[in-house]
Participant: 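Would you mind keeping the following structure in view while I ask a few things?
For the numbers below, each heavy atom of this structure counts, side chains included, while hydrogens, waters and symmetry mates do not.
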Amino acid sequence: MDYPLVVGNWKMNLTLSEATILVGQISRNAEYIKHVNIVLCPPSVFIYPARDALKAKPNNLYLGLQNTMWEKDGSYTGEVSLSMTRNICKYSIVGHSERRRLFNESDEIVAKKVRFCLDNGITPIVCVGETEKFNLEDHFTTELKRMKSSGGILSQVDQAISKLKKEEIKNIYFAYEPIWAIGTGNAATGVYASAVSYIIRNSLKEARGIADEDMRILYGGSIEESNVKEFMMQPNLNGLLVGGASLKAKDFCKICQITSEVKSGK
Ligand code: PGA
């Protein structure tokens, strides 16, 4: 079984000096946090300085992009290509809800980006999530229909992997991020996130015959030190995607430490 993955999504935050200080602080701590892989996703303009700020790069600490273009180069004003950060970034977030909502990123575009990541040796972290909370206890059948309908999370999952062969699916991560929980301080419960993750797993098993151990699903949405244990105790979740709390070294390292302890049973 893989180590759990904890991803810090810095979004469009921090100054250059704050960013390099944060990388330095996290990288000094990372080597003491065992059995967990950690990914930092600074704004792309900070990727090279972040690489330089890594202290004696611990082998469980990686850099990632928050977004990527689906072509190697060309006339794409304002975009950044994976090939520009090759050998530096091992991961890329793809289809974050903010990209889908604010920049009209469609499922089709997400699928192209996922394909492009895999063709270039980058592990995509594909975000999916619902805008309105599900009521799985009282309306399971209706909610399952909503998940499968256009724009629903199962449709997002299905389309994101539409350009992949079955054996490639184990090389990606999904990040299940209920949109109502992102940046609101109103996280889902561990049980809720685990239930939705189970439904995603089941649908991948039915549709593509993917074995449970080949699916990796993170939870994201208002993760903080106090709720990490609740999520990481769930068997259907393989790690976390952290936004706001990844901007402070102490908070983020604590989140990684708790993840390590809970998942390794210490
Ligand atoms: P949050 O963000 O942890 O601040 O809610 C999560 C995300 O957007 O990935």
Participant: Membership question, hydrophobic clusters at under 4.5 Å side-chain separation (ILVMFWY): are Leu218 and Ile223 in the same one?
Facilitator: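 Not linked; separate clusters.
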
Participant: Can you check side-chain hydrogen bond (donor to acceptor under 3.5 Å, both in side chains) on Gln234 and Tyr192, steps first, answer last?
Facilitator: CA-CA 10 Å; Gln234 303 297 333; Tyr192 178 96; over 6 Å; no

Participant: Quick test of your reading of the model: are Glu168 and Arg115 salt-bridged, counting only N-O distances below 4.0 Å?
Facilitator: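 Yes, this pair counts.
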
Participant: May I have the step-by-step check of side chain to side chain contact (heavy atoms under 4.5 Å, CB included) for Tyr91 and Leu5, ending in yes or no?
Facilitator: CA-CA 11 Å; Tyr91 295 85; Leu5 191 75; 3.7 Å; yes

Participant: Can you name the residues that form a side chain to side chain donor-acceptor pair (under 3.5 Å) with Tyr62, not counting sequence neighbours?
Facilitator: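 Counting only residues at least two positions away or on another chain, Tyr62 forms no side chain to side chain donor-acceptor pair (under 3.5 Å).
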
Participant: State, to 0.1 Å, how close Val39 and Gly64 come at their nearest heavy-atom pair, and which atoms those are.
Facilitator: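 Shortest heavy-atom contact: CG1-N, 3.9 Å.
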
Participant: Can you tell me if Glu137 has over 12 outside heavy atoms packed within less than 6.0 Å of its CD?
Facilitator: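 It does not: Glu137 CD has 12 such atoms or fewer within range.
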
Participant: Do Lys112 and Val94 touch side chain to side chain, with heavy atoms closer than 4.5 Å?
Facilitator: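 The answer is no; the side chains never approach within 4.5 Å.
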
Participant: Group every Ile, Leu, Val, Met, Phe, Trp and Tyr by side-chain heavy-atom contacts under 4.5 Å, then state whether Leu118 and Ile210 land in the same group.
Facilitator: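 Yes.
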
Participant: Checking Tyr173 now: which residues fulfil ring pair (Phe, Tyr, Trp, His ring centres under 6.0 Å) with it, not counting sequence neighbours?
Facilitator: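 Here no residue qualifies.
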
Participant: Is there a continuous path of hydrophobic side-chain contacts, each under 4.5 Å between heavy atoms, that joins Phe252 to Tyr219?
Facilitator: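 Per the 4.5 Å side-chain linkage, Phe252 and Tyr219 are co-clustered.
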
Participant: Listed by chain and number, what are the ring pair (Phe, Tyr, Trp, His ring centres under 6.0 Å) partners of Phe134, not counting sequence neighbours?
Facilitator: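 Result, ring pair (Phe, Tyr, Trp, His ring centres under 6.0 Å) vs Phe134: none returned.
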
Participant: Any side-chain to backbone donor/acceptor pair from Glu177 onto Cys127? Under 3.5 Å, distance only.
Facilitator: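 A pair under 3.5 Å: no.
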
Participant: Please examine the side chains of Asn120 and Arg86, heavy atoms only from C-beta on, and report whether any two atoms are closer than 4.5 Å.
Facilitator: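 A side-chain contact under 4.5 Å exists here.
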
Participant: Looking only at non-hydrogen atoms, find the nearest pair between Ser149 and Ser155 and report the distance.
Facilitator: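 Smallest heavy-atom distance, with atoms named: O-CB, 3.4 Å.
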
Participant: Restricting to pairs with a member in residues 71-82, which pass side chain to side chain donor-acceptor pair (under 3.5 Å), not counting sequence neighbours?
Facilitator: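 Non-adjacent pairs meeting side chain to side chain donor-acceptor pair (under 3.5 Å): Ser81-Ser83.
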
Participant: Quick one: side-chain contact (heavy atoms from CB on, under 4.5 Å) partners of Lys250, sequence neighbours excluded?
Facilitator: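 Counting only residues at least two positions away or on another chain, Lys250 forms no side-chain contact (heavy atoms from CB on, under 4.5 Å).
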
Participant: Of all residues at least two apart in sequence or in a different chain, which pass the ring pair (Phe, Tyr, Trp, His ring centres under 6.0 Å) check with His35?
Facilitator: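 For His35, the residues satisfying ring pair (Phe, Tyr, Trp, His ring centres under 6.0 Å) (neighbours in sequence not counted) are Tyr3.
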
Participant: Between atom CG of Leu40 and atom CD1 of Ile47, what is the distance when rounded to the nearest 0.5 Å?
Facilitator: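 It is 9.0 Å, given to the nearest 0.5 Å.
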
Participant: Can you list the residues that meet the side chain to side chain donor-acceptor pair (under 3.5 Å) rule with Asn67, with sequence neighbours excluded?
Facilitator: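 Lys113.
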
Participant: With side chain to side chain donor-acceptor pair (under 3.5 Å) as the rule and sequence neighbours excluded, what pairs involving residues 20-34 come up?
Facilitator: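 Counting only pairs at least two positions apart or across chains, no side chain to side chain donor-acceptor pair (under 3.5 Å) contact touches residues 20-34.
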
Participant: Hey, is NZ on Lys145 packed in by over 12 heavy atoms from elsewhere, all under 6.0 Å?
Facilitator: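 No, NZ of Lys145 has 12 or fewer neighbouring heavy atoms, counting only those of other groups under 6.0 Å.
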
Participant: Shared ILVMFWY cluster between Leu240 and Ile125, side chains joined below 4.5 angstrom?
Facilitator: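 In one cluster with Leu240: Ile125, no.
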
Participant: Is the shortest distance from a Lys or Arg side-chain nitrogen in Asp107 or Arg100 to a carboxylate oxygen in the other one below 4.0 Å?
Facilitator: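 A salt bridge is present here (some side-chain N lies under 4.0 Å from a carboxylate O).
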
Participant: Sequence neighbours excluded, which residues qualify as side chain to side chain donor-acceptor pair (under 3.5 Å) partners of Asp214?
Facilitator: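 Listed in chain order: nothing, the list is empty.
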
Participant: Counting N and O atoms only, with roles assigned by atom type, does the side chain of Glu225 sit under 3.5 Å from a partner on the main chain of Asp251, one being a donor and the other an acceptor?
Facilitator: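 Checking the backbone N and O of Asp251 against the side chain of Glu225, no donor-acceptor pair under 3.5 Å is found.
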
Participant: Closest heavy-atom contact between Ala30 and Asn60?
Facilitator: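 Scanning both residues completely, I find the closest heavy atoms to be O-ND2, 3.0 Å.
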
Participant: For Glu98, enumerate each residue passing the side chain to side chain donor-acceptor pair (under 3.5 Å) test, keeping only those at least two apart in sequence or located in another chain.
Facilitator: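 Residues passing side chain to side chain donor-acceptor pair (under 3.5 Å) with Glu98: Lys11.
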
Participant: Is it true that a side-chain atom of Thr15 and a backbone atom of Glu18 form a donor plus acceptor pair closer than 3.5 Å?
Facilitator: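 Confirmed, Thr15 side chain pairs with Glu18 backbone.
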
Participant: Mind checking side-chain contact (heavy atoms from CB on, under 4.5 Å) for Ser106 and listing every partner two or more places apart, or none if nothing turns up?
Facilitator: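 Counting only residues at least two positions away or on another chain, Ser106 forms a side-chain contact (heavy atoms from CB on, under 4.5 Å) with Glu108, Ile109.
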
Participant: Quick one, Gln66 and Cys41 - any side-chain contact, counting heavy atoms below 4.5 Å?
Facilitator: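 They are in side-chain contact.
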
Participant: For residues Leu241 and Ile217: do they belong to one hydrophobic cluster (side chain heavy atoms under 4.5 Å, members Ile, Leu, Val, Met, Phe, Trp, Tyr)?
Facilitator: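 No, no single cluster joins them.
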
Participant: Would you mind reporting whether Thr189 and Glu230 have side-chain heavy atoms less than 4.5 Å apart?
Facilitator: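 When only atoms from C-beta onward are counted, Thr189 and Glu230 do touch, with a gap below 4.5 Å.
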
Participant: Lys170 side chain to Glu167 main-chain N or O, any donor-acceptor pair under 3.5 Å?
Facilitator: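 Here the side-chain-to-backbone pair exists.
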
Participant: I'd like to check Trp10 versus Ser246 (side-chain heavy atoms, cut-off strictly below 4.5 Å). Are they in contact?
Facilitator: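 Side-chain contact under 4.5 Å: yes.
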
Participant: With heavy-atom distances below 4.5 Å as the criterion, would you say the side chains of Ser97 and Ile182 are in contact?
Facilitator: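 With C-beta onward as the side chain, the pair touches.
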
Participant: On a heavy-atom basis, which atom in Cys117 and which in Thr68 lie closest, and how many Å separate them?
Facilitator: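 In terms of heavy atoms, the two residues are closest at SG-CG2, 4.0 Å.
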
Participant: Under 4.5 Å between any side-chain heavy atoms of Gln159 and Val110, yes or no?
Facilitator: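 The answer is no; the side chains never approach within 4.5 Å.
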
Participant: Would you list the atom pairs, donor with acceptor, under 3.5 Å between side chains in residues 196-204 and any protein atom, with sequence neighbours excluded?
Facilitator:
residue : atom : partner : partner atom : Å
Ser197  : OG   : Asn236  : O            : 2.8
Arg201  : NE   : Asn236  : O            : 3.3
Arg201  : NH1  : Asp212  : O            : 3.2
Arg201  : NH1  : Asp212  : OD1          : 3.2
Arg201  : NH1  : Met215  : O            : 3.3
Arg201  : NH2  : Asn236  : O            : 2.9
Arg201  : NH2  : Asn238  : OD1          : 2.8

Participant: Measure across Ala50 and Pro42 and return the closest heavy-atom pair with its distance rounded to 0.1 Å.
Facilitator: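 For Ala50 and Pro42, the tightest heavy-atom pair comes out as CB-CG, 4.1 Å.
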
Participant: So Leu14 and Leu22, do their side chains get closer than 4.5 Å, heavy atoms only?
Facilitator: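 Yes; the side chains approach each other to less than 4.5 Å.
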
Participant: Locate the shortest heavy-atom distance separating Trp180 from Asn186; write the atom from each residue and the value.
Facilitator: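 Shortest heavy-atom separation between Trp180 and Asn186 comes out as CZ3-O, 3.6 Å.
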
Participant: Counting N and O atoms only, with roles assigned by atom type, does the side chain of Arg208 sit under 3.5 Å from a partner on the main chain of Ile161, one being a donor and the other an acceptor?
Facilitator: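 Flag set: sc Arg208 to bb Ile161 pair under 3.5 Å.
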
